[in-house]
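Notes follow once the structure below has been shown.
Residue numbering restarts at 1 for every chain, and letters A, B, ... go by the order of the sequence lines.
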Amino acid sequence: MELYETNQLKIYNSLSKSKEIFKPVVEGNVGMYVCGPTVYSNVHLGNVRTFMSFDLVFRYLKQLGYKVRYVRNITDAGHLENDADEGEDRIAKKARLEKIEPMEVVQRYTVDFHETLQKINNLPPSIEPTATGHIVEQIEIIKDILQKGMAYEINGSVYFDVLKYNETEHYGILSGRNIEDSIHNTRELDGQSEKKNPQDFALWKRAEEKHIMRWPSPWGEGFPGWHLECTAMSTKYLGEIFDIHGGGMDLKFPHHECEIAQSKVKNKVNPVNYWMHANMLILNGQKMAKSTGNYILPNEIFTGENNILSKAFSPSATRFFMMQAHYRSVLDFSNDALEAAEKGYIKLMEALNKLDNIEVGKVSSVNIGDWKQRCYEAMNDDFNSSVLIANLFEGVKYINLLIEKKETISAADFKEFQNTLNTFVFDVLGLKNDLEQNASEKLNGLVEMLIKMRKEARDNRDWALSDKIRDELAVLGIQLKDGKEGTTFSIN
RNA sequence: GGCGUUUUGGCCGAGUGGCUAGGCAGAGGUCUGCAAAACCUCGUACAGCGGUUCGAAUCCGCUAGACGCCUCCA
């Protein structure tokens, strides 16, 4: 029996604006798609937060026993800068600036993306498709939408006819807009565009002469519109209707709105059952963004090379900092907040390291079953990592009280306690125990220190003490070897 | 201007119509040769103004601030 059968998971659905009981299309299986990065620069911490939020979702779904297919794309083409820019591809633009091949830019930043997410201990998705690898699929969708009369071709570009779509469907269903408002409010902004209406979005863009990334199509050489790739790749790997679609809050409109429209026309169905949106990471009172320069890179945190932080912070402390907030809340990034989080993280890890010091007894005075239940309930309530962590600190308190023998625990309960802590701290939250990783270095330092103290004893001809140090270390499996150059040691 | 979100104690951050997370910082205490850690206790916060209610920080309205989207964006 899998855990999902006894745990009622609730997910906040952006589409209904309410928490709903999660029920997958196919029992025991979950299809999840998350909009990935555009690989034209290093991922900043704000990007990382979103991917970490969905990493938490992925991890918890797996913990509940679901078989999860997690698809996250790499946008390596087709990202329109803006309409006035004659559709110059964002990646091509950067490539020209740096005088290198577009795919070289893509490669460089894809590697950076993977390295960064690995450092912060995100699990890799099940499938990570690229936009350039799915040009054919995208062209097929465009043909289909054209054939159904919901798009039109002009000068080698194809646009989705939003107004026509809106006659029978609601364009704006996800973001809570209606097209009429939007017409009134964008009229002044747009100049002469080849689009029929400013609201229309590109499915295919004609490539100008200088444009490097281009593919042949029935409408001439060009490249696909940004919104299309997600529709193509999500439905290709997860089916026409799948369970979860995630992304940053800032993608809700127009990106996700457009995805819904494309799928509704092509497949005549609402593609996604649960829309999840992760909230923004705020720096200096505003969201982190590449375009405004208001951002910090993960590596700048890990090395401490930046003007914002007083010191370096480990990936784990950084991850803990983010996990302390709920994924749907705006989170403020600051030195004080990170410092506080780091201390909390260390407190948690220190407690886990002390688990072995607990002596089990016959009966338990702490209610491990209830506590475990509260941990699951926190996560079942729309992945509330914040409340989960509060419960974990309750567990820290238990550990300390048990060591001080102010509480007691049975062997069976202790095993469950230990398993549950490990499950939530390492498997679900995805934290790593940095303190443990440093342990071997510290052990070396410790033995060096004893060698020094033993030398002092020997210099004082305190043979009793020096022999005691050597013998007791030997019992621990640490052998001291006195040589001409001083004392060395080996650990068995 | 439109749409949406939000405003919690010194800081970060959960949450609920009445039993009022958690972390960090702070105060007092226990323990300790000293210290640290740990444990116990404490501050009694929910933008402002109205309303609904036996009762609201939690529901509704208004006001103010902040943020996000409306253009590429995690």
B:rG26 - base-pair partner by Watson-Crick or wobble geometry, distances under 3.5 Å: B:rC42

Main-chain N/O of A:Asp427 paired to A:Arg59 side chain as donor or acceptor, under 3.5 Å: yes

Any A:Ser334 side-chain N or O less than 4.0 Å from OP1/OP2 of B:rC11: no

NZ/A:Lys354: more than 12 non-hydrogen atoms of other groups inside 6.0 Å: yes

Separation of atom CG in A:Asn279 from atom C1' in B:rC12, rounded to whole Å: 16 Å

Residue mapping more 5' on RNA chain B - nearest nucleotide basis, A:Ala340 or A:His326: A:His326

Of the listed nucleotides B:rG4, B:rG68, B:rG22, the one nearest the side chain of A:Lys17: B:rG4

Whole-Å distance separating the CD atom of A:Glu404 from the C1' atom of B:rA36: 14 Å

Sugar-phosphate only, base, or nothing, as touched by A:His255 at under 4.0 Å among non-hydrogen atoms: nothing

A:Arg177 backbone acceptor or donor facing A:His170 side chain under 3.5 Å: yes

Among B:rA74, B:rG22, B:rC70, the one nearest A:Phe393 by side-chain distance: B:rG22

Check: A:Trp371 ring centre within less than 6.0 Å of A:Phe417 ring centre: yes

Whether A:Thr50 side chain and A:Gly248 backbone form a donor-acceptor pair below 3.5 Å: no

N or O in side chain of A:Lys287 less than 4.0 angstrom from B:rC69 OP1/OP2: yes

Touch class at under 4.0 angstrom, heavy-atom based, for A:Gly285 against every strand present: sugar-phosphate

Spacing of A:Leu331 atom CG relative to B:rU8 atom P, expressed in whole Å: 14 Å

Chi angles and distances behind the side-chain hydrogen bond (donor to acceptor under 3.5 Å, both in side chains) call for A:Gln324, A:Ser386: CA-CA 5 Å; A:Gln324 271 194 308; A:Ser386 192; over 6 Å; no

Phosphate OP1/OP2 of B:rA14: any A:Asn384 side-chain N/O under 4.0 Å: no

Counter-base of B:rC49, judged by Watson-Crick or G-U geometry with both distances under 3.5 Å: B:rG61

Separation of the P atoms in B:rA25 and B:rC12, to the nearest angstrom: 15 Å

Sugar-phosphate only, base, or nothing, as touched by A:Ser329 at under 4.0 Å among non-hydrogen atoms: sugar-phosphate

Of the listed nucleotides B:rA74, B:rC70, B:rA21, the one nearest the side chain of A:Ser386: B:rA21

P spacing across the pair B:rU41 / B:rG13, given as an integer number of angstrom: 27 Å

A:Lys397 side chain near B:rG22 phosphate (N/O to OP1/OP2, under 4.0 Å): no

P atoms of B:rA38 and B:rG22, separation to the nearest Å: 16 Å

A:Met52 CE to B:rA74 P, straight-line distance once rounded to whole Å: 16 Å

Other residues, nucleotides, ligands: >12 heavy atoms within 6.0 Å of A:Lys10 NZ: no

Nearest-Å distance once atom P is located in both B:rC3 and B:rG18: 32 Å

Any N/O donor-acceptor pair, A:Ser53 side-chain to B:rA74 base, under 3.5 Å: no

Nearest-Å distance once atom C1' is located in both B:rU53 and B:rA57: 15 Å

Any donor-acceptor pair under 3.5 Å from A:Asp76 side chain to A:Ala131 backbone: yes

Nucleotide nearest A:Ala337 (side chain, heavy atoms from C-beta), chosen from B:rC69, B:rC12, B:rA14: B:rC12

Rounded distance in Å - CZ (A:Arg328) to P (B:rG4): 17 Å

Sugar-phosphate only, base, or nothing, as touched by A:Gly247 at under 4.0 Å among non-hydrogen atoms: sugar-phosphate

A:Lys290 vs B:rC72: side-chain N/O to OP1/OP2 distance below 4.0 Å: no

Sugar-phosphate only, base, or nothing, as touched by A:Leu392 at under 4.0 Å among non-hydrogen atoms: nothing

Among B:rG13, B:rC70, B:rA74, the one nearest A:Asp332 by side-chain distance: B:rG13

Between A:His134 and A:Tyr237, ring centroids under 6.0 Å: yes

Sugar-phosphate only, base, or nothing, as touched by A:Ile403 at under 4.0 Å among non-hydrogen atoms: nothing

Any A:Gln286 side-chain N or O less than 4.0 Å from OP1/OP2 of B:rC67: yes

Between B:rC11 (P) and A:Gln324 (CD): distance, integer Å: 16 Å

A:Ser291, nearest nucleotide to its side chain (from B:rG23, B:rA74, B:rC72): B:rC72

Rounded P spacing from B:rA21 to B:rC40 in Å: 15 Å

Shortest side-chain distance from A:Ala390, nucleotide among B:rA74, B:rA21, B:rG13: B:rA21

Partner nucleotide, any strand, of B:rA37 [Watson-Crick/G-U, under 3.5 Å]: none

Backbone N/O of A:Val71 and side chain of A:Ser126: donor-acceptor pair under 3.5 Å: no

Between B:rC59 and B:rC69 - C1' atom distance, rounded Å: 27 Å

Integer angstrom distance from the C1' of B:rU44 to that of B:rG50: 26 Å

Closest nucleotide among B:rG13, B:rC67, B:rA74 to the A:Ile282 side chain: B:rC67

Sugar-phosphate, base or nothing in reach of A:Gly36, heavy atoms under 4.0 Å: sugar-phosphate

Rounded distance in Å - NE2 (A:His227) to C1' (B:rC72): 10 Å

Base paired to B:rG68 (Watson-Crick or G-U; both N/O distances under 3.5 angstrom): B:rC3

Nearest-nucleotide comparison on RNA chain B, the residue closer to the 5′ end among A:Pro37 and A:Val396: A:Val396

Watson-Crick or G-U counterpart of B:rG55, or none if no pair lies under 3.5 Å: none

Sugar-phosphate only, base, or nothing, as touched by A:Ala278 at under 4.0 Å among non-hydrogen atoms: nothing

Touch class at under 4.0 angstrom, heavy-atom based, for A:Met249 against every strand present: nothing

Separation of B:rG2 P from A:Gln199 CD (nearest whole Å): 17 Å

